[in-house]
Amino acid sequence: MPFTAPDLVIGFPDSEPAAAGLARAMGLPLSLAALHRFPDGESLVRLEGAPRHPVIVRALDRPNDKLVELHFLADALRERGAGAITLVAPYLAYMRQDMEFRPGEVVSQRVMGRWLSGLVDRIVTVEPHLHRTDDLAHVFPGREAHALTAAPLIGAWAKAEAAREGGDWIVLGPDEESGPLVDSVARAAGLTGLVARKERRGDRDVTVTLPDGADIRGATVLLVDDVISSGGTMIDAARAATAAGAGRLLAAATHALYDERAADAMRAAGIARVISCDGVAHPSNAIPLADLLLGALGH
Ligand code: R5P
């Protein structure tokens with residue numbers, strides 16, 4: 001069933017460029033929700049008007065305050081009579097905790113599923129870190145859910161760069177979970193894809209091991225992952241690739257969540273350049289997601 005046509009795009013101060021781009025592309029007006037943070041940490045959200053079918057645009061990285069503000073806004077929109085509400089969250093937090101890894105852990109993916117399903121009718125996101133759940137619709141019961149992949153866009157970027165710079169190029173994923181993304185990027189780029197193994201001992205403590213027999217000597221190795229957060233995964237993948245004789249190291253991620261310290265550490269590990277998609281605003285952004293998101297919104 002076609003989704004009710006949206007009539008307004010709403011952004012937050014941190015998502016203004018993405019929201020404005022989407023509003024322009026959809027030919028819709030844009031409103032910005034204003035935020036005030038009280039000295040005690042509470043949030044005040046302000047948005048005038050009563051749209052019927054709004055599209056809210058906000059990446060949910062560093063999510064805790066953003067989720068509360070989203071809740072306040074979506075609830076207020078319902079009070080004012082909104083019908084179908086769409087959430088475009090290019091990065092969707094809390095998807096990776098999809099089971100109780102250790103006794104007593106809260107399965108945050110399930111909580112998020114029920115929470116957001118109670119707020120909005122349609123959710124659009126990119127590379128949502130689903131590994132044991134094969135369909136985002138299972139996370140958001142009764143809601144329309146779109147999990148998009150940026151792999152073709154990253155692949156097209158890699159293809160153009162490889163053609164421009166020449167030499168041998170290899171796409172390398174740091175762990176088994178990156179396998180599907182790496183396969184699709186490599187296919188779109190017309191390059192060979194390899195997938196390493198990763199042992200994670202702590203938030204910043206990982207060891208990446210290249211697949212047996214991987215010959216990457218002298219090649220430009222493009223490390224590809226869905227998210228760069230602490231940078232630890234990319235840094236250890238770079239160490240392994242350098243030890244195996246890689247000629248040059250680049251990295252690409254759908255979502256860049258890392259800070260300047262991690263950027264320095266990745267540079268020090270020999271990664272010449274990191275590029276990312278622009279769902280989360282970051283200095284490494286090089287690949288726009290607007291057309292991909294637009295396609296999912298039926299425009
Ligand atoms: C893990 O499963 C993800 O796909 C990424 O490899 C991970 O989130 C990267 O995190 P960090 O940059 O902190 O190593």
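Numbers here simply count residues along the sequence, with the first being 1. In each ligand, atom 1 is the first atom listed, and ligand 1 is the first ligand listed.
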His129, His255, Glu177: member with heavy atom nearest to atom 3 (C) of ligand 1: His129
Any donor-acceptor pair under 3.5 Å from Asn285 side chain to His282 backbone: yes
Option set Val208, Asp225, Thr233, criterion heavy-atom distance to atom 6 (O) of ligand 1, minimum: Asp225
Closest protein heavy atom to atom 8 (O) of ligand 1, given as residue, atom name and distance to 0.1 Å: Arg96 NH1, 3.2 Å
Atom 9 (C) of ligand 1 [closest protein heavy-atom partner, distance rounded to 0.1 Å]: Val227 O, 3.4 Å
Considering all heavy atoms, the nearest Ser117-Phe140 contact: OG-CA, 3.3 Å
Where ligand 1 meets Arg200 - atom numbers and elements under 4.0 angstrom, heavy-atom basis: 7 (C), 10 (O), 14 (O)
Sidechain-backbone polar pair: Asp121 side chain, Ile85 backbone, donor-acceptor under 3.5 Å: yes
Atoms of ligand 1 close to Lys198 [distance to a heavy atom under 4.0 angstrom, numbered from 1]: 1 (C), 6 (O)
Ligand 1 contact on Asp175 by region, counting heavy-atom pairs under 4.0 Å: side chain
Main-chain N/O of Arg122 paired to Glu144 side chain as donor or acceptor, under 3.5 Å: no
Closest protein heavy atom (residue, atom, distance) for atom 13 (O) of ligand 1: Ser230 OG, 2.6 Å
Arg204 near ligand 1 by a heavy-atom separation under 4.0 Å: no
Subset of ligand 1 atoms that lie under 4.0 Å from at least one heavy atom of Ile228: 12 (O)
Side chain, backbone, both or neither: the part of His131 lying under 4.0 Å from ligand 1 by heavy atom: neither
Main-chain N/O of His53 paired with Asp7 side-chain donor or acceptor, under 3.5 Å: yes
Sub-4.0 Å heavy-atom contact, Asp226 with ligand 1: yes
Parallel, tilted or perpendicular, as decided by the 30° and 60° cut-offs, for the rings of His71 and Trp115: tilted
Flag, side chain of Lys198 to backbone of Thr209, donor-acceptor distance under 3.5 Å: no
Glu105 (side chain) donor-acceptor with Val107 (main chain) under 3.5 angstrom: no
Proximity flag Met234 to ligand 1, non-hydrogen atoms under 4.0 Å: no
Ligand 1 contacted by Gly231 (non-hydrogen, < 4.0 Å): yes
Chi angles and distances behind the side-chain contact (heavy atoms from CB on, under 4.5 Å) call for Val120, Arg143: CA-CA 8 Å; Val120 304; Arg143 295 295 179 245; 5.8 Å; no
